[in-house]
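What follows is a single structure, written as structure tokens, with notes after it.
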Amino acid sequence: MEAANVPARTKLLQAHGLILLRRMLLIREFDARAGELLASGEIMGEIHQYIGQEAVAVGVLAGAGAEALVGSTHRGHGHLLARGCAPRPMMAELYGKASGYCKGKGGSMHITSLEHGMLGANAILGASAAIAVGAAFAEKTTQSSRVAVAFFGDGAANQGVLHESMNLAAVWKLPVLFVCENNQYAISLRADHGLSVRDVSSRAAAYGFDGRSVDGMDVLTVYEATCEALRRMRTSSLPFLLEAKTYRYHGHFSAEAAILKHPYRPEDEESVWQRRDPIARLRGELLAHGFVPQEELDALHGDVRAEVEDAVVFARQSPPPSADEAFTDVYATEVAGLPDGVR
């Protein structure tokens with residue numbers, strides 16, 4: 001088959017399929033292992049698992065490029081690993097160790113790595129939008145070509161901070177890609193019970209810019225949609241709202257089962273979504289086209305599991321934070337542009 005006649009999706013699959021698959025596998029294996037460690041009491045606190053949603057973070061951040069600035073959510077470890085960041089410091093962060101990305105002070109919900117353009121995860125719904133808008137304003141002011149990505153969920157789609165941020169981004173013509181990870185539930189509230197519209201992406205029209213809804217269980221579709229969104233952003237000098245319809249296989253957070261007295265999801269719902277599992281779909285497509293043999297895919301999965309276990313060993317052996325570090329990286333010591341004496 002001549003190259004000119006090869007479908008664009010097939011070209012994309014051949015060029016990037018294995019890389020995208022590895023990143024999705026890393027998120028899933030990391031998350032599954034973290035869940036086991038939490039259940040055994042080896043790590044403390046809570047985690048918000050990203051299992052099922054891997055195609056969104058991986059597709060968006062691959063399409064947005066390594067220079068993009070990222071506003072994350074309480075499922076921030078999924079975004080950080082999708083960015084290509086190392087799992088060792090992320091696992092150490094869950095253990096509260098000094099070798100973590102935030103020196104053990106961020107955990108999963110507040111993970112930050114400015115070195116990698118990760119502007120911070122937080123528990124405030126929709127806050128990523130305001131952070132991303134601020135970052136995009138800074139980039140535009142300095143005439144940088146970098147874009148900002150703001151991840152948020154379907155629950156945050158109803159928060160005022162998101163709508164204020166989208167309005168301001170449009171007024172100031174800022175390069176912000178707003179990404180709604182619609183996993184069908186805001187904690188336990190079904191999306192179709194909490195949203196006034198069928199597609200969150202339709203709300204972009206109220207602020208004068210474009211939006212699009214895509215299958216968030218298909219990493220290649222998410223990747224292509226992100227690339228197209230960035231092209232339109234550059235042409236229009238306006239933001240873009242991308243909604244990826246996906247599904248989380250686990251509860252909102254790890255202690256949910258102990259708190260909620262009644263299940264809120266239909267028994268067969270998860271199995272229906274799992275038939276469209278993003279990892280299984282990409283593996284199947286790679287095999288069907290003969291791009292990667294089964295043995296290589298199995299070896300890749302084994303390598304990822306080994307990498308996650310290596311991160312666990314690293315975290316176990318890492319030292320705890322020093323008490324002297326309790327207030328470092330918490331308060332700004334220098335703020336550019338302020339008069340002397342004003343902090």
Taking Arg190 first and then Asp154, would you say they form a salt bridge - that is, a charged N and a carboxylate O separated by under 4.0 Å? no

Nearest atoms (heavy-atom pairs only) where Leu81 meets Pro87: CD2-CA, 3.9 Å

Side chains of residues 165-174: which donor-acceptor pairs under 3.5 Å do they make with residues two or more places apart or in other chains?
from, atom 1, to, atom 2, distance (Å)
Ser165, OG, Ala130, N, 3.3
Ser165, OG, Val161, O, 2.7

Are Glu269 and Tyr247 linked by a side-chain donor-acceptor pair shorter than 3.5 Å? yes

Do His193 side-chain atoms and Leu189 backbone N/O form a donor-acceptor pair below 3.5 Å? no

Any donor and acceptor pair, going by atom type alone, linking the side chain of Arg283 with main-chain N or O of Pro278 inside 3.5 Å? no

From the list Leu13, Leu300, Leu282, side chain to side chain contact (heavy atoms under 4.5 Å, CB included) partner of Leu18 resolves to Leu300

Distance-only, no hydrogens or angles: does the Arg83 side chain make a donor-acceptor pair with backbone N or O of Met118 under 3.5 Å? no

CD1 of Ile124: more than 12 outside heavy atoms within 6.0 angstrom? no

Testing the 3.5 Å rule here: is there a donor-acceptor pair between the side chains of Gln49 and His77? no

Examine Tyr185 together with Tyr264 and report whether their ring centres are nearer than 6.0 Å. yes

Check: His79 ring centroid to Tyr50 ring centroid under 6.0 Å: yes

Using atom types as modelled and distance alone, determine if a side-chain donor or acceptor of Ser128 lies under 3.5 Å from a backbone N or O of Phe151. yes

For a side-chain hydrogen bond (donor to acceptor under 3.5 Å, both in side chains) with Gln53, tell me which candidate from Asn183, Asp31, Thr246 qualifies. Asn183

Report yes or no: does Lys105 contribute a side-chain atom to a donor-acceptor pair with the main-chain N or O of Thr328 at less than 3.5 Å? yes

Has the side chain of Lys97 got a donor or acceptor atom that lies under 3.5 Å from a matching backbone atom of Arg316? yes

Quick test of your reading of the model: are Arg305 and Asp310 salt-bridged, counting only N-O distances below 4.0 Å? no

Does Gln184 use its side chain to pair, donor to acceptor, with the backbone of Asn182 at less than 3.5 Å? yes

Heavy-atom closest pair (Ser113 atom, Tyr101 atom, distance to 0.1 Å) is OG-CD2, 3.8 Å

Can you confirm if the NZ or CZ of Arg276 lies within 45° of the ring axis of Trp273 and under 6.0 Å from the centre of its six-membered ring? yes

Within the distance-only criterion (no hydrogens, no angle test), does the side chain of Ser237 pair as donor or acceptor with the backbone N or O of Thr235 below 3.5 angstrom? no

Heavy-atom closest pair, residues Ile51 and Ala32: CD1-N, 3.9 Å

Does the side chain of Arg203 pick up a donor-acceptor pair with the side chain of Ser196 at under 3.5 Å? yes

Between Leu26 and Glu54, is there a side-chain heavy-atom distance shorter than 4.5 Å? no

Side chain of Arg146, backbone of Glu67: donor and acceptor closer than 3.5 Å? yes

Where the side chain of Glu139 meets the backbone of Ser144, is there a donor-acceptor pair that is under 3.5 Å apart? no

Would you check if Gln274 and Glu270 make a side-chain contact, meaning some heavy-atom pair closer than 4.5 Å? yes

